[in-house]
Novice: 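Below: one structure in structure tokens.
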Amino acid sequence: MDTEEIFDRLKPLYPHEYFSTERDPFYILISTVLSQRTRDEVTEVASRRLFEHYSTPVQMVGADVKSIESLIRDVGFYRVKAGRIKEISQILIDEYYSQVPACMDELLKLPGVGRKTANCVLSYAFLEKAIAVDTHVHRISNRLGLVDTVTPEQTEIELQKQVPVSYWREVNELFVQFGKTVCKPLSPDCEVCVIEDLCAKKEKKK
DNA sequence: AAAACGGGGGC
DNA sequence: GCCCCAGTTTT
């Protein structure tokens with residue numbers, strides 16, 4: 001299958017770039033942690049509110065956990081995340097001179113950071129060629145027939161084989177936007193889909 | 001492999 | 001009231 005065709009057709013529909021207004025790796029790391037299992041409108045507001053008060057690892061460590069909790073009260077798992085933000089900040093100070101490491105192995109050592117979050121940081125903060133596989137990317141890659149996988153990590157590996165490197169950084173945002181608006185988890189809107197002719201599941205519908 | 005963490009929004 | 005959401009960690 002011609003995978004470039006997929007991205008060339010989706011790109012004009014979703015020109016907006018995620019995290020377009022923020023480049024600070026620490027902000028991207030923390031806001032990505034906050035985004036886990038939480039809608040992005042909520043995440044956006046909470047991240048900005050948090051960083052208006054504390055914007056560096058040192059400030060996070062110096063802050064009262066209760067204060068951080070109250071600032072991010074509306075995101076999911078906010079107590080757990082508040083604790084992890086302090087843990088992460090302390091590790092960055094102790095191990096990385098208060099900088100966010102630009103390397104998968106080091107990122108994965110941080111509490112609350114899995115492959116999806118680590119790949120988002122590598123891609124959005126450091127512009128590395130990384131594919132961040134969340135539930136949307138996983139679902140859509142399988143629906144299209146791009147991959148045939150069970151776990152997100154398998155999807156990441158298979159996508160790396162199927163997708164030209166120059167598109168790796170775009171896969172996450174394009175598939176997430178596409179997944180939220182058209183290729184939804186249940187009842188995808190195939191009648192308005194611009195890549196239906198490329199989809200392995202189109203015949204199964206109806 | 002499945003459960004647990006969890007508040008907010010949509011229907 | 002019930003279901004889902006830009007996942008990760010623990011059992």
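All chains are named by letter (A, B, ...) in the order of the sequence lines, taking the proteins before the strands, and each is independently numbered beginning at 1.
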Novice: Identify whether any heavy atom of A:I72 sits under 4.0 Å from a base atom; if not, whether one sits that close to sugar-phosphate; answer base, sugar-phosphate or nothing.
Specialist: nothing
Novice: Mind checking if A:G76 touches a base, just sugar-phosphate, or nothing, with heavy atoms under 4.0 Å?
Specialist: base
Novice: For C:dT11 versus B:dG6, give the span between their P atoms, rounded off to a whole number of Å.
Specialist: 14 Å
Novice: Nearest to the A:D40 side chain among C:dC5, B:dC5, C:dA6, which nucleotide is it?
Specialist: C:dA6
Novice: Nearest to the A:T38 side chain among B:dG6, C:dA6, C:dT8, which nucleotide is it?
Specialist: B:dG6
Novice: Among the nucleotides C:dA6, B:dG6, C:dT8, which one has an atom lying closest to any side-chain atom of A:F77?
Specialist: B:dG6
Novice: With a 3.5 Å cut-off and heavy atoms only, can you find an N or O donor on one side and an acceptor on the other between the side chain of A:R79 and the base of B:dC5?
Specialist: no
Novice: Could you tell me whether A:D134 and A:R115 make a salt bridge, using a distance below 4.0 angstrom between a side-chain N and a carboxylate O?
Specialist: no
Novice: Among C:dT8, C:dC5, B:dG6, find the nucleotide with the atom closest to the side chain of A:R39.
Specialist: C:dC5
Novice: Donor-acceptor check, side chain of A:N142 to backbone of A:T149, threshold 3.5 angstrom: yes or no?
Specialist: yes
Novice: With P as the reference atom in both, quote the distance from C:dG1 to B:dC5 in angstrom, rounded to an integer.
Specialist: 22 Å
Novice: Report the relative orientation of the aromatic rings in A:Y27 and A:F51; use parallel for angles under 30°, tilted for 30 to 60°, perpendicular for over 60°.
Specialist: perpendicular
Novice: Take atom P in C:dC4 and the same atom in B:dA3, then report the distance between them in whole Å.
Specialist: 15 Å
Novice: Can you figure out which of B:dG6, C:dA6, C:dT9 approaches the side chain of A:R84 most closely?
Specialist: C:dT9
Novice: Rounding to the closest angstrom, what is the interatomic distance between C:dT8 and B:dG8 at atom P?
Specialist: 22 Å
Novice: Need one value for A:P152: base, sugar-phosphate or nothing, where a base atom within 4.0 Å counts as base even if backbone is also close, heavy atoms only.
Specialist: nothing
Novice: Return the value, rounded to whole Å, for the distance between atom CG of A:L34 and atom C1' of B:dG6.
Specialist: 14 Å
Novice: Regarding A:V113, tell me which of base, sugar-phosphate or nothing describes its non-hydrogen contacts under 4.0 Å with the strands shown.
Specialist: sugar-phosphate
Novice: Side chain of A:D134 only, please: which of B:dC5, C:dA6, C:dC5 is the nearest?
Specialist: C:dA6
